[in-house]
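Inspection log for the structure reproduced underneath, given as structure tokens.
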Amino acid sequence: MQLISRGDRGLPVADVQKRLHELGYSPPGMEIEMRESSFGEATEAAIREFQAARGLRPDGRVDEVTWRELVEASFRLGDRFLYLRVPPFRGDDVRELQAYLNRLGFNAGREDGIFGQETDKALRAFQHDMGLPVDGIAGTSTISCLLRLKHGMKETSVAVVHETLRDGEDRGLKERLVVLDLDPGQPELVEVLRSASEALKRMGIISIYTGGPESPDSESRRALKANQEGADAVLGFRPGDTDRFHVFFFGSGQYLSPRGRRLAELVACGLEKGLGLPVSPPAPRSYPLLRETRMPCVVVEWPPRREIPPGLGPALARALADYFSPPEEEGGNS
């Protein structure tokens, strides 16, 4: 889709404003801009607020990612039948379904709002246990049953428990594959990832590149490639907009990826304690690369015009190796 930003007018702007208003984002001045279908200060403020709430970059512009999030945010559980298909259903109704299943003890996987194999398996297990037709369709009867059991929901998501346990099982450097992903706008970091790749190779870890100055692929396409390659971890770099380094892992709503957070903590520690860089505490985000990859994924946002310190590539490689290594080998990075 075409980028929609401040100064634009017309039907696309009106559609965005209508969705924002229906979702409860209506700052002062929004009604005036809605009557004129003009993208002004109020609309930009509403978009920034929406983006921040959804774990996106709050740049105040409507690109393909923000537009998709606006559409997905409009769905509520029961608005449509949900089932496994290609392409998968995406939306807040899927996220609600995953949360219900996970808190009732049926492992629907990460609560990412994407109806995949794990959600299908959990839904069928729920239907079987409840004596419902096991058709894998979240229709009227299945959703009604879920809602009736709301009082039995636990605070902890079973998916978090399973992912935490898997974190302990996924250790060891042997035959590991890491994806090093670079935003197209950061050619100066190509050499950093190259040195990280060489350091990983010395440890016995294979790495491949995605993104970079010569790659036009979107984050979603690069996430798909990481999934298809069966990568064990993904480390991405993006340009930041503050004077501090930020390290992000996948999180949405009440769900935080334990494996992603663990890797993010190790990367942040390597940057801060290993190289003395100013790093903010790791935080959850829902960028496409973080949300759509099936393995631990971390995105590092690099301060603008920041000089690249010597040893950055090897420090990143060490953080990745620490993640895969047995706890007793992790030393101070535990």
Side-chain angles (χ1 to χ4, degrees), residues 52-56 69 72-73 75-79 82-84 88-130 132 134 136-139 142-171 223 227 232-234 247-266 281-299 323:
R54 304 289 291 190
L56 305 176
E69 288 282 340
E72 291 184 20
F75 290 110
R76 294 291 175 267
L77 190 60
D79 286 352
L82 299 171
Y83 50 89
L84 188 63
F89 282 107
R90 301 171 61 118
D92 282 17
D93 52 348
V94 178
R95 204 185 311 270
E96 286 183 72
L97 175 64
Q98 292 168 329
Y100 271 110
L101 291 169
N102 280 333
R103 284 161 178 75
L104 287 171
F106 300 89
N107 183 16
R110 305 195 315 171
E111 293 166 23
D112 54 12
I114 303 173
F115 196 116
Q117 295 282 352
E118 287 182 294
T119 304
D120 175 68
K121 184 178 179 181
L123 178 59
R124 290 176 182 273
F126 172 79
Q127 290 174 326
H128 177 270
D129 285 8
M130 295 300 110
L132 298 167
V134 184
I137 300 173
T142 296
I143 292 173
S144 295
C145 188
L146 276 171
L147 296 177
R148 287 197 302 270
L149 294 173
K150 188 174 183 179
H151 65 280
M153 291 174 60
K154 301 176 182 178
E155 291 186 8
T156 303
S157 165
V158 70
V160 170
V161 175
H162 278 255
E163 188 174 336
T164 302
L165 292 173
R166 213 161 64 231
D167 186 40
E169 297 171 355
D170 280 354
R171 301 307 176 91
N227 293 336
D232 296 291
V234 177
V247 183
F248 298 125
F249 59 95
F250 175 69
S252 179
Q254 297 181 356
Y255 185 88
L256 301 176
S257 168
R259 295 196 298 166
R261 178 163 54 184
R262 167 72 176 157
L263 179 56
E265 289 168 351
L266 289 169
R285 289 292 185 273
S286 191
Y287 300 166
L289 190 71
L290 297 171
R291 178 187 178 189
E292 297 173 22
T293 44
R294 302 295 96 189
M295 65 292 297
C297 179
V298 164
V299 167
Y323 176 77

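Start at 1 with the first residue, then count along the sequence.
Salt-bridge formation is not detected for the pair Glu96/Lys150: no Lys NZ or Arg NE/NH1/NH2 atom is positioned less than 4.0 Å from an Asp or Glu carboxylate oxygen. With respect to Glu292 and Arg90, a salt bridge is recorded, a charged nitrogen being found less than 4.0 Å from a carboxylate O. The existence of a salt bridge linking Arg95 and Glu111 is excluded, since no basic side-chain nitrogen approaches an acidic carboxylate oxygen closer than 4.0 Å. Ionic pairing of Arg54 and Asp92 is present here: one or more N-O contacts between side-chain nitrogen and carboxylate oxygen are shorter than 4.0 angstrom.
A distance-only check finds no donor-acceptor pair linking the side chain of Gln98 to the backbone of Thr119 [under 3.5 Å]. Checked by atom type and distance alone, the side chain of Arg291 pairs as donor or acceptor with a backbone atom of Asp112 at under 3.5 Å.
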### Audit row: Phe106, Asp129, side-chain contact (heavy atoms from CB on, under 4.5 Å) steps and yes/no
CA-CA 10 Å; Phe106 300 89; Asp129 285 8; 3.4 Å; yes

### Query
So Phe126 and Tyr100, ring-ring contact (aromatic ring centres under 6.0 Å, His included) or not? Walk me through it.
CA-CA 10 Å; Phe126 172 79; Tyr100 271 110; 9.4 Å; no

### Query
Which is it for Gln254 and Arg103 under the side-chain contact (heavy atoms from CB on, under 4.5 Å) test, yes or no, and what are the steps along the way?
CA-CA 11 Å; Gln254 297 181 356; Arg103 284 161 178 75; 3.3 Å; yes

### Task
Could you give me the CA-CA distance, side-chain angles and deciding distance for Val298 and Val247, then say whether side-chain contact (heavy atoms from CB on, under 4.5 Å) is met?
CA-CA 7 Å; Val298 164; Val247 183; 3.3 Å; yes

### Stepwise side-chain contact (heavy atoms from CB on, under 4.5 Å) check, Phe89 with Tyr83
CA-CA 7 Å; Phe89 282 107; Tyr83 50 89; 3.7 Å; yes

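Within the 4.5 Å cutoff, the side chain of Phe250 has no heavy atoms near those of the Cys297 side chain. No side-chain heavy atom of Arg76 sits under 4.5 Å from any side-chain heavy atom of Asp93. Between Met295 and Asp232 the shortest side-chain heavy-atom distance does not fall below 4.5 Å. Using a 4.5 Å heavy-atom cutoff, the side chains of Leu82 and Ile137 are not in contact. Pro296 has its side chain out of reach of Val234: every pair of non-hydrogen atoms, C-beta onward, lies at least 4.5 Å apart. Side-chain contact check for Val299 versus Leu290: some heavy-atom pair is nearer than 4.5 Å. Within the 4.5 Å cutoff, side-chain heavy atoms of Tyr255 are placed close to those of Arg110.
Note on ring orientation: taking the six-membered ring where Trp is involved, the planes of Tyr287 and Phe248 are perpendicular (angle over 60°, cut-offs 30° and 60°).
Leu289 and Thr293 make their closest contact through O-OG1, 2.6 Å (heavy atoms, listed as atom of the first residue, atom of the second, distance). Closest non-hydrogen pair, Ser286 versus Leu56, comes out as O-CD2, 3.8 Å. Residue Ile114 comes nearest to Pro88 through the heavy atom pair CG2-CG, 3.8 Å, listed as atom of the first residue, atom of the second, then distance. Between Ala223 and Pro288 the shortest heavy-atom distance is CB-O, 4.2 Å. The minimum heavy-atom distance linking Ala108 with Asn102 is given by the pair N-OD1, 2.7 Å. Here the closest heavy-atom approach between residue Leu149 and residue Leu104 is recorded as O-CD2, 3.6 Å.
Here Asp120 pairs with Leu84, Phe115, Arg124 under the side-chain contact (heavy atoms from CB on, under 4.5 Å) rule; sequence neighbours left out.
Atom CG of Leu77 and atom CG of Leu146 lie 7.0 Å apart (nearest 0.5 Å). Taken to the nearest 0.5 Å, the CE atom of Met130 stands 5.5 Å off from the SG atom of Cys145. Taken from CG in Asn227 to CZ in Arg294, the straight-line distance is 6.0 Å, to the nearest 0.5 Å.
Remark: the Ser257 side chain and the Glu163 side chain contain an N/O donor-acceptor pair separated by less than 3.5 Å.
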